[in-house]
Amino acid sequence: MSLFLYNTLTRRKEVFTPADPARVTMYVCGPTVYSYAHIGNARPAVVFDVLYRLLRRRYPQVVYARNVTDIDDKINAAATAQKVAINDITTKFTGIYRADMAALGVLPPTIEPFATDHVPQIIAMIQALLAKNHAYVAEGHVLFHVPSYAAYGRLSGRDRDDMIAGARVEVAPYKKDPADFVLWKPSTPDLPGWDSPWGRGRPGWHIECSSMIETHLGNTIDIHGGGHDLIFPHHENEIAQGTCAHDGAAYCRVWMHNGFLTMDREKMSKSLGNIALVHDILQSAPGEAIRWALLTAHYRQPLDWSDDLVTQSKRTLDGLYRTLEAADPTADRSASPPEAVIAALDDDLNTPIAMAELAGLAKAINQSSDAAERKRLAADLKAGGEMLGVLQQSPAVWFTTVSAGKTIDAATVESLIAARAAARKARDFAEADRLRQQLAELGVTIEDRAGGTTWRVAG
RNA sequence: GGCCGAGUGGCAGAGUGGCCAUGCAGCGGACUGCAAAUCCGCGUACGUCGGUUCGAUUCCGGCCUCGGCCUCCA
């Protein structure tokens, strides 16, 4: 069974065939670290994490790079506004981003390159573009000359005339062509800057990705991912500079773009202010439920974010964990995940189908009365869950872990349960029901089982 | 204006030319001291108007509605 991926470049699903099966390369545009990540920022991290998990099963080595942009005007603005050093901002929010993604079950990428660590490489790439006449110097800037690259616009499917006609931005007078974009720009003394052949300055937005790809992954990479809004201009520009710097070598073979998260059907965006921060959502919901919510829709589809979506996701996971708990509370993963789960993901990461397969496994477990079979299927469920990055906790932990913003005192719960057990033994059911009501008020749901009473956080 | 995407049952969300998605919620039954959980069962969903077809939610065309990109943005 082959892995099919939708390629933005060709607008269709294609069989994925890496250039070098011994070393598969993937790059995903990561965060600009100037504030908290919102849930929309988390979508590509989670989606490409699933792809990373899938690729690691198929290939011996997958080099996955997700950058951190730590040079940016918004970072500078945040530092000025908060009267702290730029470095304080980037260090703080890099840490928060990592913690938030970890809470969502996102594996660390193989490499997490920082733009500021690659300035010499960026300068070298700009010099190469100048030497090959794809760029020029003007008023302290270095600009990429778009007409020098004939295939420009192929990824986004727009031609130059359209872009100029639709241009809403004022064209800088020093540009030879309105579509030309900045590779290097001058810096003022109060802003971060590096010495360069063109004076003290800093890199433009697009060049850092191309340079870090060249440094860590190679001239041609297999997969490049990011949000849909990066197709133009960011990825289009990356292709232009990356291809031209390497004498026409293909820059990236498969381009993948995730759809947007919306709030009330409108794009979630920091500039619109309609955002939900991962950091905040984690106060009231487990990271795993947030991750599940992000994967309920196919990655290329829009997904409307709401509290209700998280609630539904949490309940669905409750059901799966309940099944695991009943079948084998300490189950280990099967050696290999169920074929049906892999087949779903192999079809351009069809996570909703994969989830349906997990539900089917849970159903089979609950229907079976054969303890050995139930254990075997529980191990399969666990292995299937691992492909999506879920169901890896022990059920006991899942059911008794409260979200960051809430507290439940386990000792109190246990003592109430003990008191209720005594009341039940004495057949004082009124007292037993009263104690259960008391537990419910604490946010705890209990279940009487053959082996005793278990409890879990309600919700 | 150019380019792109979407409209599926109470909600979320796949998918397919003819048959079941799946989950959450709801209803009925079994089980239970009562619950919870689980199991069994239930609900004639595919924006609209035409076309192709023996048959279309699925293919083609028009229309309506919504969203995205064209500017920083996941």
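Residue numbers start from 1 in every chain, and the chains themselves are labelled A, B, ... in the order their sequence lines are given, proteins ahead of strands. The shown structure was predicted, so the numbers you read here are calculated from the model rather than taken from an experiment.
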Based on Watson-Crick and G-U pairs with both distances under 3.5 Å, what dot-bracket line describes RNA chain B 5' to 3', crossing pairs as [ ] and inter-strand pairs as |? (((((((..(((.....[...))).(((((.......)))))....(((((..]....))))))))))))....
Span that lies between the [atom1] atom of [M] and that of [N], in whole angstrom:
N: B:G62; M: B:G28; atom1: P; value: 49 Å
N: B:G61; M: B:A25; atom1: C1'; value: 39 Å
N: B:A45; M: B:C4; atom1: C1'; value: 27 Å
N: B:A12; M: B:G1; atom1: P; value: 30 Å
N: B:U48; M: B:U58; atom1: P; value: 10 Å

Flag the pair A:Thr401 / A:Glu288 as yes when at least one side-chain heavy-atom distance between them is below 4.5 Å, and no otherwise.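 The answer is no; the side chains never approach within 4.5 Å.
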Separation of A:Lys314 atom NZ from B:A25 atom P, in whole Å?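 After rounding, the reported distance stands at 11 Å.
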Which residue in the set A:Val63, A:Asp222, A:Leu217 passes side-chain contact (heavy atoms from CB on, under 4.5 Å) when paired with A:Tyr27? A:Leu217
Summarise how protein sits on nucleotides 4-17 of chain B as a single string, 5' to 3': B when a protein heavy atom is under 4.0 Å from the base, S for sugar-phosphate-only contact, - for no contact. --S----BSSSS--
Where protein sits on nucleotides 33-38 of chain B, one letter per nucleotide: B base, S sugar-phosphate only, - none, heavy atoms under 4.0 Å: BBBBSS
Base, sugar-phosphate or nothing for [X]? Non-hydrogen atoms, less than 4.0 Å.
X: A:Lys267; answer: base
X: A:Gly226; answer: sugar-phosphate
X: A:Glu266; answer: sugar-phosphate

My understanding is that only residues two or more places apart in sequence, or in another chain, count here; which of them pass side chain to side chain contact (heavy atoms under 4.5 Å, CB included) with A:Asn274?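 For A:Asn274 the side chain to side chain contact (heavy atoms under 4.5 Å, CB included) partners, ignoring immediate neighbours, are A:Met263, A:Glu266, A:Leu272.
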Side chain to side chain donor-acceptor pair (under 3.5 Å) test vs A:Asp180 passes for just one of A:His141, A:His145, A:Lys175, namely A:His145
Would you mind telling me which residue lines up with the more 5' stretch of RNA chain B, A:Thr262 or A:Asp229, judged by nearest nucleotide?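 Closer to the 5' end of RNA chain B: A:Thr262.
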Would you say A:Lys363 places a side-chain N or O within less than 4.0 Å of OP1 or OP2 belonging to B:C40? yes
Identify every side-chain donor-acceptor pair in residues 278-287 of chain A under 3.5 Å, counting partners at least two apart or on other chains, and give the distances.
from: A:Ser284; atom 1: OG; to: A:Ile281; atom 2: O; distance (Å): 3.4

Polar atom pairs between nucleotides 28-31 of chain B and protein, under 3.5 Å, N or O only, would you list them?
none

